[in-house]
Number of protein chains: 2
Amino acid sequence: MNEHDRWMRLAVRKALAGVAKGQTPFGAAIVRQGRLVACAHNQVWQRSDITAHAEISALRQAGRKLQTLHLKGAILYSTCEPCPMCLSACHWAQIKTIYYGAGIKDAAHFGFNELKISNQQMADLGKIKLELHAGLLRRECLEVFQVWRASQAHQAY
Amino acid sequence: MNEHDRWMRLAVRKALAGVAKGQTPFGAAIVRQGRLVACAHNQVWQRSDITAHAEISALRQAGRKLQTLHLKGAILYSTCEPCPMCLSACHWAQIKTIYYGAGIKDAAHFGFNELKISNQQMADLGKIKLELHAGLLRRECLEVFQVWRASQAHQAY
């Protein structure tokens with residue numbers, strides 16, 4: 001298994017753990033210098049916090065753990081393309097490399113009220129350089145959505 | 001004093017309280033049906049949390065207080081135009097009316113590494129309707145930046 005698959009599988013497993021606890025089907029991991037810095041699933045329902053997406057939660061975890069705001073050189077692995085909120089949070093944290101599985105359109109298809117602006121559009125409009133890798137383990141990431149939809153408590157927002 | 005000035009002044013006072021505690025010069029208030037739901041200053045340094053902008057902090061506060069994700073009909077007052085992260089968070093929370101004082105370009109001028117995408121651009125690109133009111137008490141909101149810059153501990157990110 002290559003390095004990137006390995007970290008994305010971790011994010012997928014975290015997303016599934018979240019779904020098992022009644023959360024929505026999103027997971028994210030932050031890796032720096034080959035080491036895991038943070039890993040989180042979406043916690044929006046659990047915390048009554050509309051901002052507690054997997055990526056935002058991982059960024060907070062990283063900040064607390066490393067006592068730093070900036071994660072230059074880190075890589076974000078997300079089971080779904082970060083929404084514009086999460087993409088902008090990555091910008092603030094100076095994360096420039098993002099791997100994701102499913103796309104924003106997939107999340108919208110499953111009922112999430114996504115602001116449909118792709119990561120590439122955000123980068124172009126904001127004139128920043130991002131290294132974006134779409135579709136990593138896409139099939140497995142989409143399966144998380146299916147597991148979620150099959151669960152009794154599933155509820156989009 | 002009109003209603004909107006009144007709530008913006010509250011956000012300004014909150015921002016100044018934050019600056020007095022070594023935080024950055026941003027404040028936000030969320031109002032629904034004429035009542036204050038949440039009010040926060042930026043807490044990024046205090047919490048080592050790059051996502052703890054004033055608006056995000058106010059949204060989290062509102063979620064905890066009301067135990068709801070959605071704030072339909074609420075108004076956000078922010079001393080500075082919400083960055084794309086905060087604007088997208090408002091979208092998730094279904095807040096469609098935003099009053100702000102200073103602009104993203106002002107924050108960039110004071111050294112903040114803003115992703116320079118205006119709220120109007122975000123709305124246009126995402127094809128959503130927002131009621132945006134720029135420049136409310138702009139002079140007072142800019143003064144908060146000046147107070148911050150004159151403080152010993154000031155540090156942008």
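We name chains A, B, ... by the order of the sequence lines, and we start the count at 1 in each one.
- The contact between A/Ile117 and chain B is made entirely by side chain atoms (from C-beta outward), counting heavy-atom distances below 4.5 Å.
- At most 12 non-hydrogen atoms from other residues, nucleotides or ligands lie less than 6.0 angstrom from CD of A/Gln33.
- Most heavy-atom pairs under 4.5 Å with chain B, from the set A/Gln94, A/His53, A/Arg64: that is A/His53.
- The local environment of CZ in A/Arg9 is crowded, with over 12 non-hydrogen atoms from other residues, nucleotides or ligands closer than 6.0 Å.
- Between chain B and the options A/Leu59, A/Leu87, A/Asn113, heavy-atom pairs under 4.5 Å are most frequent for A/Asn113.
- Judged by distance alone, with hydrogens and angles left aside, the side-chain atoms of B/Thr79 form no donor-acceptor pair with the main-chain N or O of B/Ala11 at under 3.5 Å.
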Check your understanding: Taking it one step at a time, do A/Phe26 and A/Tyr100 satisfy ring pair (Phe, Tyr, Trp, His ring centres under 6.0 Å)?
Key -> CA-CA 11 Å; A/Phe26 305 94; A/Tyr100 60 88; over 10 Å; no
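- Neither the backbone nor the side chain of A/Gln61 comes within contact range of chain B; no heavy atoms are under 4.5 Å apart.
- In this structure, the portions of A/Leu125 lying under 4.5 Å from any heavy atom of chain B include both its backbone and its side chain.
- In this model, a donor atom of one side chain and an acceptor atom of the other lie less than 3.5 Å apart for A/Tyr157 and A/Asn42.
- Side-chain atoms of A/His41 and A/Lys21 include a donor-acceptor pair closer than 3.5 Å.
- Among the candidates B/Lys116, B/Gln121, B/Met122, B/Lys127, the residue making the largest number of heavy-atom pairs closer than 4.5 Å to chain A is B/Met122.
- The greatest number of non-hydrogen atom pairs below 4.5 Å with chain B, out of A/Gly126, A/Cys86, A/Ser88, A/Gly63, is found for A/Ser88.
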